[in-house]
Amino acid sequence: MNRKLQAVRGMNDLLADQLPWWQLVEQSARELFADYGYQEFRVPLVEHTELFQRSIGEHTDIVEKEMYSFEDRGGDSLSLRPEATAGLVRAAIEHGLLHNQKQRLWTSGPMFRHERPQQGRYRQFHQIDCEAFGFEGPDVDVEVIQISARLWRKLGITDVRLHVNSLGTPESRRQYRALLVTYFERHRTGLDAESLRRLESNPMRILDSKNPAMKEIIAGAPVLTDHLDLASREHFDRFRDLLGACGISYEVDPRLVRGLDYYTRTVFEWTTTALGTQDAVCSGGRYDGLVAQLGGDQTPAIGWALGIERIVAMLQAAGTAARAAVPAVYLVLSGDRAQRAGLAIAERLRDALPGAGVHANMGGGSLKSQMKRADKSGASLALIIGDDEMARGVAAVRVLRGDASQQDCPWDELPGHIASVLGRI
Ligand code: ATP
Ligand code: MG
């Protein structure tokens, strides 16, 4: 049977009319990272499955049920990356970048999770990712948050709130975990199936349950921040003090535990009310143990990831304008002689007017149909060259937007003439 070919469910094509918003977000982030001294980094889309098992954690939703894992032809178990941090840490260790060094890095690109596709939740989605290695914090915890806060300002996004929490050290977390297990054991009859499963594997994840029926039991559970070790307590207090000192509003959310195992101390999440249920737009935290856990030197680290799809949806919902670049000039080539010279003329114009955008008409067509295409292209000017203009060594320069004037111009004067006309309209 000849099945109609379609994109894989939850994996979206990004058509040209959507891209201006993506470019706005990506370009803004790129500029900000440069301002803050973060360097771009790129890692493969595919890694050994073991990397994610050892970093994100065996008993997390991502590793348990969301990974695209497969055996390659050589028999290795590989996975499409569900997030960027693990690969970045792997690469930084592999290239010796963390040996007595500090690194401020960022990356972006597609991530893959086999989740139920819905508005704001896809199987291929895109993140921008920021990481700082070798800094104990809490000053750098605030710096990475400053970058995100500035990105919102730059994009004109106002409907976001910052939630923060501290997860303490693995040791203090173990003690807290024991208290939590005792508490949930006592309320076992009220737990849903998912939570019962988590009680065995990863009890803190029960706090993250999205089931409203679990709300009350969760509200009565012991609170992690009441059981922090002294150093983590001080780190958290100083972190909040620094946030306040640079005017970043936040709320402490003692239930914020995050879905990945590797977090320690500071965790945070920016949420919005603009997107319905998929309300997390940017999340992150400190992961002081991960580098050592993956075989590197003990290296403190912190990072965040934002979901580009969700940011783009917010910009579009807010009516933020983002336009595709339009050409300055559309070159209309009428008749055989003009068409023959056209490609070279277009190149000379691009040499003289870099960045302006010169669209040459391809495939011929009547003057009328070419003028229609010129109009549709959004260009400011049409440059019309027909047999008559060829013979005289000129082009007719027609203003397409506004006064629709037209004037002949010799070829070698075109760049200057075009620049001056563009300056006027
Ligand atoms: P959520 O609670 O929405 O599942 P998460 O805690 O799994 O988010 P992270 O793993 O921290 O999210 O990823 C960082 C950001 O990436 C999220 O804040 C969100 O904006 C975005 N994101 C995560 N999963 C998806 C997805 N399946 N589709 C689109 N964006 C996503
Ligand atoms: Mg998730």
Side-chain angles (χ1 to χ4, degrees), residues 7-12 14 18 21-22 25-26 29 52 55-57 59-68 79-88 106-131 144-145 147-149 151-152 155 157 159-165 167 194 198 202 204-211 253 255-263 266-287 290 302-317:
V8 176
R9 194 162 115 84
M11 306 208 180
N12 300 318
L14 294 172
Q18 288 298 307
W21 284 275
W22 285 70
V25 175
E26 289 163 351
F52 302 117
S55 54
I56 296 169
H59 298 295
T60 55
D61 285 352
I62 293 179
V63 172
E64 268 179 358
K65 53 186 188 199
E66 295 174 0
M67 282 221 291
Y68 280 90
S79 296
L80 300 186
R81 63 182 188 188
E83 53 105 57
T85 306
L88 233 94
W106 71 276
T107 193
S108 73
M111 308 294 156
F112 303 86
R113 296 183 195 175
H114 195 273
E115 303 195 69
R116 192 168 67 79
Q118 54 201 290
Q119 196 64 35
R121 194 174 290 287
Y122 309 102
R123 290 181 172 173
Q124 174 175 309
F125 62 100
H126 298 75
Q127 288 185 338
I128 294 174
D129 194 81
C130 167
E131 317 279 350
V144 297
I145 291 175
I147 300 177
S148 55
L151 182 61
W152 314 143
L155 293 170
I157 290 175
D159 180 4
V160 277
R161 282 156 85 120
L162 176 65
H163 307 261
V164 303
N165 193 21
L167 300 182
E194 176 83 56
R198 286 177 171 167
N202 195 348
M204 280 178 59
R205 295 277 295 132
I206 299 177
L207 301 176
D208 214 16
S209 168
K210 307 223 156 90
N211 180 356
D253 178 354
R255 315 264 164 229
L256 182 64
V257 292
R258 310 287 297 109
L260 295 77
D261 272 358
Y262 54 58
Y263 287 111
T266 310
V267 287
F268 56 90
E269 185 159 82
W270 288 96
T271 63
T272 180
T273 59
L275 299 179
T277 40
Q278 312 319 326
D279 63 351
V281 290
C282 174
S283 353
R286 181 161 278 287
Y287 49 95
L290 184 61
I302 185 161
W304 54 248
L306 67 78
I308 304 183
E309 281 82 355
R310 294 186 193 177
I311 304 294
V312 164
M314 282 183 80
L315 292 174
Q316 292 178 337

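Note that these values count all heavy atoms, side chains included, but never hydrogens, waters or copies made by symmetry. Counting convention: from 1, in listed order, for ligands and their atoms alike. This is a predicted model, so every value here is computed, not measured.
Contacts with ligand 1 closer than 4.0 Å are made by side-chain heavy atoms of Arg113 only, the backbone lying farther away. The proximity of Met111 to ligand 1, defined as any non-hydrogen pair under 4.0 Å, does not occur for either the backbone or the side chain.
For atom 2 (O) of ligand 1, the candidate residues are Lys210, Arg123, Gln278, Arg310; the nearest heavy-atom contact is made by Lys210. Summarising the contacts of atom 25 (C) of ligand 1 with Trp270, Phe112, Tyr122, Phe125, the nearest heavy atom is found in Phe125. Remark: among candidates Gln127, Gln124, Glu309, Gln118, the nearest residue to atom 15 (C) of ligand 1 is Gln127, based on non-hydrogen atoms.
Counting only distance, with no hydrogens or angles, the side chain of Arg310 and the backbone of Gly120 share a donor-acceptor pair below 3.5 Å. Remark: the backbone N or O of Val144 is paired with a side-chain donor or acceptor of Trp304 at under 3.5 angstrom. Of the possible donor and acceptor atoms, none in the side chain of Glu115 sits under 3.5 Å from a partner among the backbone N and O of Glu66.
At a threshold of 4.0 Å, the pair Asp61-Arg198 counts as salt-bridged, since one of the basic side-chain nitrogens sits closer than that to a carboxylate oxygen.
For His163 and Trp270, the ring centers sit 6.0 Å or farther from each other.
Considering backbone and side-chain atoms together, Ser283 places an N or O closer than 3.5 Å to an N or O of ligand 1.
Near Gly120, the atoms of ligand 1 lying under 4.0 angstrom from a non-hydrogen atom of the residue are 28 (N), 29 (C), 30 (N).
Contact detail for Tyr68 and His114: the closest heavy-atom pair is OH-CD2, 3.4 Å.
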